[in-house]
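Below: one structure, written as structure tokens.
Count residues from 1 along the sequence.
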Amino acid sequence: MISIQFINLTSVGIFGMVLSAAFCDISWTRKKVAAMSCDIALILVFQGIIYFGVRADIVDEIYPLITHIPLTVVLCVLNRTCVWPIVSVLTAYLCCQLRRWLALLIVALFAGGSVMQNTVELVITLPILLVLIWFIAPAVRSVSHYSISLQGWFGLIPALYYGFDYLTRIYTNQMLEGVLVAVEFMPFVCSATYLFFVVYTSEERRSRNRLEQTRAILNLQMEQAVQEIAMLRESQERTSIYRHDMRHHMQYLSSCIENGQLRQAQDYIQKIYSEIEANKITVFCKNEAANLIFSAFAKRAEDCGIVMKIRARIPQLLPVSETDLCVLLSNGLENALSACRELREKGAAGEIKASIYEKNRKLFLQIVNSCDGDILFDHGIPVTKKAGHGIGVQSICAIVEQYGGMYTFSVKNGQFVLRISI
């Protein structure tokens, strides 16, 4: 007659193997389901042969060899990965302790024996398995898409418990004998894990806050860039209108001259000239947005008495969006202009050289400006203690990283150099 202990052993085996498969992110085709079912059946048959043909108590001792290793190999083949199936098997083994502990609790409450414990474990196996598959397995499977290192951290506690359980309960009797090191080990692991996750969660929260702040800054600068481009386009349109209306201006001037109103004609010419000059857009390249930005900053540099040299060879269509290009140019030129203004206030000359070109679907930008050389760097990125400053550099870094590009900041021979490739 088959004992209830063997039936319970079979049920916990099915419980663990099915749960291990549920924890793996596998697209279950009929072929894969058949392969998994055959593996489970063969493992159970081999367990039965050893249980009845060799010795019942030896099954627990060689369980890793006859169950866990074959199960892991099959899951590795079906999942086409090696790390996560191992984590899945270890996690499922840890979950097996739920049914055992609940059964021990009921036995303790009702003063039962081993028969009651095996019976209770059998009764609660299916409900616990269904709950874990429906509510827990999807979350566990999602971890399989994380990095290998994070998968390893996730499997650390199941691995520690696996080794602890076999060393202290199956291969030795240290738990039953009350050896303090064995008894206190898992509480120690729980405490250490709790503290680790407190620190990890706190750091994760700080990183998330920094990302949210950077995102907010970028959104603000994007909106500002869009507004600046719109204003510059409006200015360019006004210049076009002036040129289009030149015939009317000429008629008015001709009328003034015919009537001898030379002073009035001269004032009108000066007025039209000033308005056209104020809205003049210099053509540096074929890209409209870049022309607008360069023209605006060239005018600002000229007003400050700062020399700005611009070389631009970029088409209208670029591998970056118009707003991102505007943020990169605006922040780079704004920082350069600010540094040169500080030099001008100290009585020194300032100069800005900007070059941008596109090659092989890559955008290259370099901005070189005069500086006083007293610039602090943190991991290759310039930093400042001035309130409200440093946002432009953060925006540049964020946009370049978004496109998977590269950036460098450096100071050499009294010149600050920004290089970007996207």
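Under 3.5 Å, the side chains of Ser147 and Ser149 contain a donor-acceptor pair of N or O atoms. Asp324 and Ser321 share a side-chain donor-acceptor pair at under 3.5 Å. A donor atom on one side chain and an acceptor atom on the other are found under 3.5 Å apart for Thr125 and Arg99. No side-chain donor-acceptor contact under 3.5 Å links Asn287 and Gln316.
Atom CD1 of Ile356 and atom CZ of Arg313 lie 11.0 Å apart (nearest 0.5 Å). Leu75 CG to Asp39 CG: the interatomic distance, rounded to the nearest 0.5 Å, is 7.5 Å. Atom-to-atom distance recorded for Arg141:CZ and Ile26:CD1 is 10.0 Å, nearest 0.5 angstrom. Atom CG of residue Leu9 and atom CG of residue Leu44 lie 8.5 Å apart, to the nearest 0.5 angstrom. A distance of 14.0 Å separates SG in Cys24 from CZ in Arg80, rounded to the nearest 0.5 Å.
A parallel orientation is assigned to the rings of Phe364 and Tyr357, their planes being inclined by less than 30° (bins at 30° and 60°).
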Donor-acceptor contacts under 3.5 Å from residues 48-65 side chains, at least two apart:
unit_1: Tyr51; atom_1: OH; unit_2: Ser3; atom_2: OG; d: 3.4
unit_1: Arg55; atom_1: NE; unit_2: Asp57; atom_2: OD1; d: 2.5
unit_1: Arg55; atom_1: NE; unit_2: Asp57; atom_2: OD2; d: 3.4
unit_1: Tyr63; atom_1: OH; unit_2: Gln47; atom_2: NE2; d: 3.4

Run the side-chain donor-acceptor check on residues 103-111: report pairs under 3.5 Å with partners two or more places apart or on a different chain.
none

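No close placement of the Trp84 and Tyr146 rings is indicated, their centers lying 6.0 Å or farther apart. Ring to ring, Tyr166 and Tyr93 are close: their centroids are under 6.0 angstrom apart.
A salt bridge links Glu334 with Arg341: the distance from a Lys NZ or Arg NE/NH1/NH2 to an Asp or Glu carboxylate oxygen falls below 4.0 Å.
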Given Met406 and Ile420, is the side chain to side chain contact (heavy atoms under 4.5 Å, CB included) satisfied, shown in steps? CA-CA 6 Å; Met406 297 177 61; Ile420 294 172; over 6 Å; no
Passes ring-ring contact (aromatic ring centres under 6.0 Å, His included), Phe196 versus Tyr194? Steps please.
-> CA-CA 5 Å; Phe196 168 78; Tyr194 173 78; over 10 Å; no
